[in-house]
Each structure stands twice: as C-alpha cells, then as structure tokens.
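Side chains included, hydrogens not; waters and symmetry mates left out as well; all remaining heavy atoms used. Residue numbers start from 1 in every chain, and the chains themselves are labelled A, B, ... in the order their sequence lines are given, proteins ahead of strands. Since this is a predicted model, take the numbers as computed values, not measurements.
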Number of protein chains: 2
Amino acid sequence: MKPSAPKRADPSESEDIDFTLIELLFFAYRDFISDPDAILDSYGFGRAHHRVLHFVNRRPGLTVAELLDVLRITKQSLARVLKQLVDTGYVVQVQGPRDRRQRELYPTKKGQALAMALALPQSRRIRAAIEEAGLDDRAALERFLRAMVNPELRVQVDEPSSGGVPSGEGDSDR
Amino acid sequence: MKPSAPKRADPSESEDIDFTLIELLFFAYRDFISDPDAILDSYGFGRAHHRVLHFVNRRPGLTVAELLDVLRITKQSLARVLKQLVDTGYVVQVQGPRDRRQRELYPTKKGQALAMALALPQSRRIRAAIEEAGLDDRAALERFLRAMVNPELRVQVDEPSSGGVPSGEGDSDR
DNA sequence: AAAATTATGTCAGCCATATTGACATAATTA
DNA sequence: TAATTATGTCAATATGGCTGACATAATTTT
C-alpha cells in the first residue's frame, strides 16, 4: 500500500481516474465493431442495420416499439434502416397476433445467415482475447460488463429470444 | 463436458457464437459513453470533441499527424472539432521545436479540467462495475481488453503521456 | 540552390445516422 | 363514440464521418 498519494487539488475528492481502462475500452470497442463493419460495407449496410438485424435475430418476434426501446433511437431513425432490411429480404414484419396494430419482426433465413456472419468474427475476437489474456473466469467478465450497464436497462440485457418462429417466413415480398 | 453438440449446418465449422458477450459489450459501451455525452451537450460539444480532448490530455505534445493516427479519422474530420477546441480555449497548438511544420497539441488548464470531468464518471462506472462484479483480478480485465485490440494498433495503447508541458500554456487567445 | 517531399490547413461537397415536430391510419380500449 | 396506442411517414436539421483538390511553409533530397 502506497503511503497516501501526494496531496493535490484534484477533481472532487482526489479520486484517481482510471485512464488506462477508459482508453482500452475505446480501442477495444472500436476494433470490436470493425469486423462487422467491413462485411456490412459490401452489403451496402451500415452499423445501424447491424444493430437492428442483431436484435431481430436475437429476439425474434419483437415489436417495433420494443426494438426502439432496446436500441434507444427514434422511430424515424429506425424506419429507414428497417425498411431497407425488409425491402432486401433480411427481415419480415408480421401483424401481431393479439394486437393487429403491432408488427412483429423476424429474420428471414437470409437475415439469420447475415446476423451469424456478422457475429462470428466478433465472437472469435472475444474468444481469442479471453484466451490470450488467460482470463480463466469468464463469468466474472460477464458480470463486469453487466454491471457496466445502467441498472434500469439491465432487464433488456437479460431477455434473449422471446418466442418461436412465425408462420409464413420463407421470404418477403414487402 | 457435453457429448458433442447436436450436429447442424452451422456457419463455418459448427462454432458457437457468444451472443451474450457481444450484446453485453454493446450495452456496456453505450452506457459507458452516455456519461460524458450528457456533459458534452452542455458545452455544445460532441463525442468527437471528447476523443480529441482525451488524447490531447493523455499525450500532451502530440502532433496533429499522431493524433490522426490514433483516432483513425481524416484530417478534415479532425479539423472541425480541433478548431473549435482551440477557439474555445481547451487546447493550444504550439509550433514543433525541431520541425516547425508540426503543431504540438496541449490541453489548457481549462482543457485538463474538462477532460477530467468527462473521465470521472467513466472511471467511477468502471470502478463500481469491477466491485459489483467481484472482479478481483483487475489485471486480467486489462489484459483482456488489450487483447481485443488489433495487434498492429497495440503500440498506441501502451504509449501514454509522451512529454512535458509546453512553455506558454496558461491560456489561449487563438 | 532547386526540386521534391512532408505537415498542416482549408474549400467544397457527399453520405450515414441521429434528432424533433407534425400528421395520418388503423386498431384497441375506455 | 371517443380517446388512446402502434406504426408509418414527411420535412427539416445536426453531427461526424468521408473524398478530392489545392495552398503554404518547412524540411529533405538531389
């Protein structure tokens, strides 16, 4: 234990700032999304499409409102990318069974395939990093990341796929 | 050990994808940057300003070219935000001592203060998450994040503050 | 010394993604 | 029937990226 750091007029109560981890998070996340970015480019898609496709694939059958809630973007921002994904046959919208105003979103086979292709390099990067770091306690990493999320939003983090597969799914005409 | 997962036509070689950590990284990083975002708003700055100020503060005296290299953006993208930071007195540019074409970038007191204010909530979030997760091996987390970065770029990760403080620094008129 | 290269700055324009506010339609609930 | 809700859409705006071109000053090469 160090004999109490040199007294100085710090921000707040002379609290040390963890610049190292702040910076590492920046670099790590940037490279983490660079993998799918390259793939998306060749499809004419961007990160926004990735996010939408990811969550539609992970939580098939979620409604537009739920998706907006998870992504925390506005309806208008979603509209453009969602429309493109639907038009190009990666996502289908089916009328909600109980509430016919709702549109449940499902990935098509094509959508699932792309979602997988995008996730694969990310997953590999994570796996390789865990191994390289000799991080034997994977659960601890998961707990840490979960704890980084705002408490109010942790519900979303814990609810993966919600339901089954829709009836008509094969392809989309609209 | 499970008796080999059910055979299926997976991507590549039936590799399991770690959707959980992929998603957690998304949520964690989003909330991680939400803290400074709120502060930046009140200054009329955005994330781009944050990144510039962060690295100028961390590596005082770096040149424009070095900054571009770290941020991996173009000169034109940097120009806008850097100009604003200089004009509003958060960053100063001093002519390079050896090579007078270069502009060394330094934070002013004001700039240091803002950099600190932005880093503080992020650092606190990290600290709280480490504690909450009971992550006793902080070094392992650091190794993991470092391993997430592309090997070619890890040099940058490891080189913190490079030099001393410039001569005239107190404030800026231009 | 002249020529080539380098570091920086700047202009003009484009794209992706986000925002707000307003309004329309259909379906559900009160 | 009236109010509310879920979704979609229009118009306008902001931010932060991009490319390409070009200018200036300083350094390095020839």
Side-chain angles (χ1 to χ4, degrees), chain A residues 26 29-30 33-34 36-56 61-88 91-106 174, chain B residues 26 30 33-34 36-56 61-87 91-106 174:
Chain A
F26 167 72
Y29 193 77
R30 187 176 62 179
I33 47 176
S34 72
D37 272 2
I39 299 171
L40 288 160
D41 255 9
S42 62
Y43 285 79
F45 290 149
R47 284 179 200 170
H49 302 85
H50 185 189
R51 288 181 207 126
V52 170
L53 183 58
H54 170 88
F55 284 108
V56 168
L62 49 37
T63 65
V64 170
E66 286 166 349
L67 183 53
L68 288 174
D69 201 50
V70 171
L71 294 175
R72 307 208 131 266
I73 58 175
T74 59
K75 199 175 19 165
Q76 296 72 11
S77 299
L78 174 61
R80 192 175 32 90
V81 291
L82 181 54
K83 190 176 192 312
Q84 287 176 278
L85 287 170
V86 169
D87 287 349
T88 49
V91 172
V92 285
Q93 295 174 298
V94 312
Q95 206 169 42
R98 342 201 166 298
D99 190 332
R100 291 183 308 178
R101 289 171 304 181
Q102 295 183 332
R103 304 302 179 92
E104 295 185 344
L105 305 173
Y106 295 89
R174 216 236 160 285
Chain B
F26 167 72
R30 186 175 63 179
I33 48 177
S34 72
D37 272 1
I39 299 170
L40 289 159
D41 256 8
S42 62
Y43 285 79
F45 290 150
R47 282 180 202 169
H49 301 85
H50 184 189
R51 289 184 205 124
V52 170
L53 183 58
H54 170 88
F55 285 109
V56 169
L62 51 38
T63 65
V64 170
E66 286 166 349
L67 183 53
L68 288 175
D69 200 50
V70 171
L71 294 176
R72 306 209 132 267
I73 58 175
T74 58
K75 199 175 21 166
Q76 296 72 11
S77 300
L78 173 62
R80 248 189 325 231
V81 293
L82 181 55
K83 191 176 192 309
Q84 286 177 278
L85 287 170
V86 169
D87 287 350
V91 172
V92 286
Q93 296 174 297
V94 313
Q95 205 169 43
R98 344 202 165 298
D99 190 331
R100 290 183 310 176
R101 288 172 304 180
Q102 296 182 330
R103 303 303 179 89
E104 295 185 343
L105 305 173
Y106 295 90
R174 215 245 160 274

* Structure fact -> DNA chain C nearest-nucleotide lookup for S77(A) and T63(B): closer to the 5′ end is T63(B)

* Could you tell me the separation between the CD1 atom of I33(A) and the C1' atom of dG16(D), rounded to a whole number of Å? => 14 Å

* Rounded to the nearest angstrom, tell me the gap between atom CG in L68(A) and atom C1' in dT5(D). => 14 Å

* **Audit row: L62(B), V56(B), side-chain contact (heavy atoms from CB on, under 4.5 Å) steps and yes/no** => CA-CA 7 Å; L62(B) 51 38; V56(B) 169; 4.2 Å; yes

* To do: Take the protein atom CG of D41(B) and the nucleotide atom P of dA14(D), then report the distance between them rounded to whole Å.
  => 14 Å

* Of Q102(B) and T74(A), whose nearest nucleotide on DNA chain C comes first from the 5' end? -> Q102(B)

* For the pair made of NZ in K83(A) and P in dT17(C), what is the distance, rounded to whole Å? -> 16 Å

* Asked: In Å, rounded to the nearest 0.5 Å, how long is the span from CG of L68(A) to OG1 of T63(A)?
  -> 8.0 Å

* Excluding sequence neighbours, so at least two apart, what forms side-chain hydrogen bond (donor to acceptor under 3.5 Å, both in side chains) with R80(A)? -> none

* Between atom OH of Y106(B) and atom CD of Q93(B), what is the distance when rounded to the nearest 0.5 Å? -> 12.0 Å

* To do: Spell out protein contact along nucleotides 21-30 of chain C as letters: B when the base is contacted, S when just the sugar-phosphate is, - when no protein heavy atom is under 4.0 Å; keep the 5' to 3' order.
  => BB---BBS--

* Any side-chain heavy-atom pair of E66(A) and F55(A) under 4.5 Å -> no

* To do: Over all heavy atoms of both residues, which pair between D99(A) and R101(A) is shortest? Give the atoms and the distance, please.
  => OD2-NH2, 2.8 Å

* Protein-nucleotide distance (R72(A), atom CZ; dT20(C), atom P), rounded to Å -> 12 Å

* Asked: At how many degrees, to 10°, do the end axes of the helix from dA1(C)-dT30(D) to dA30(C)-dT1(D) meet when each uses five pairs?
  -> 20°

* **Protein-nucleotide distance (I73(A), atom CD1; dA16(C), atom C1'), rounded to Å** => 12 Å

* Go through the structure and list residues passing side-chain hydrogen bond (donor to acceptor under 3.5 Å, both in side chains) with S77(A), not counting sequence neighbours. => T74(A)

* Using atom CZ of R80(A) as one end and atom P of dC10(D) as the other, report the distance to the nearest whole Å. => 14 Å

* Asked: Atom CG of L67(B) and atom P of dG9(C): how far apart are they, to the nearest Å?
  -> 11 Å

* From OH (Y43(B)) to NE2 (H50(B)), nearest 0.5 Å -> 12.0 Å

* Structure fact -> Under a 4.0 Å heavy-atom cutoff, the residues of residues 43-54 of chain A touching DNA chain C are G46(A), R47(A), A48(A), H49(A), R51(A)

* **Non-neighbouring partners of R47(A) that pass side-chain hydrogen bond (donor to acceptor under 3.5 Å, both in side chains), sequence neighbours left out** => D37(A)

* Considering only heavy atoms from C-beta outward, does the side chain of L53(A) approach that of V91(A) to under 4.5 Å? -> yes

* What orientation do H49(B) and F45(B) show, parallel under 30°, tilted 30 to 60°, or perpendicular over 60°? -> parallel

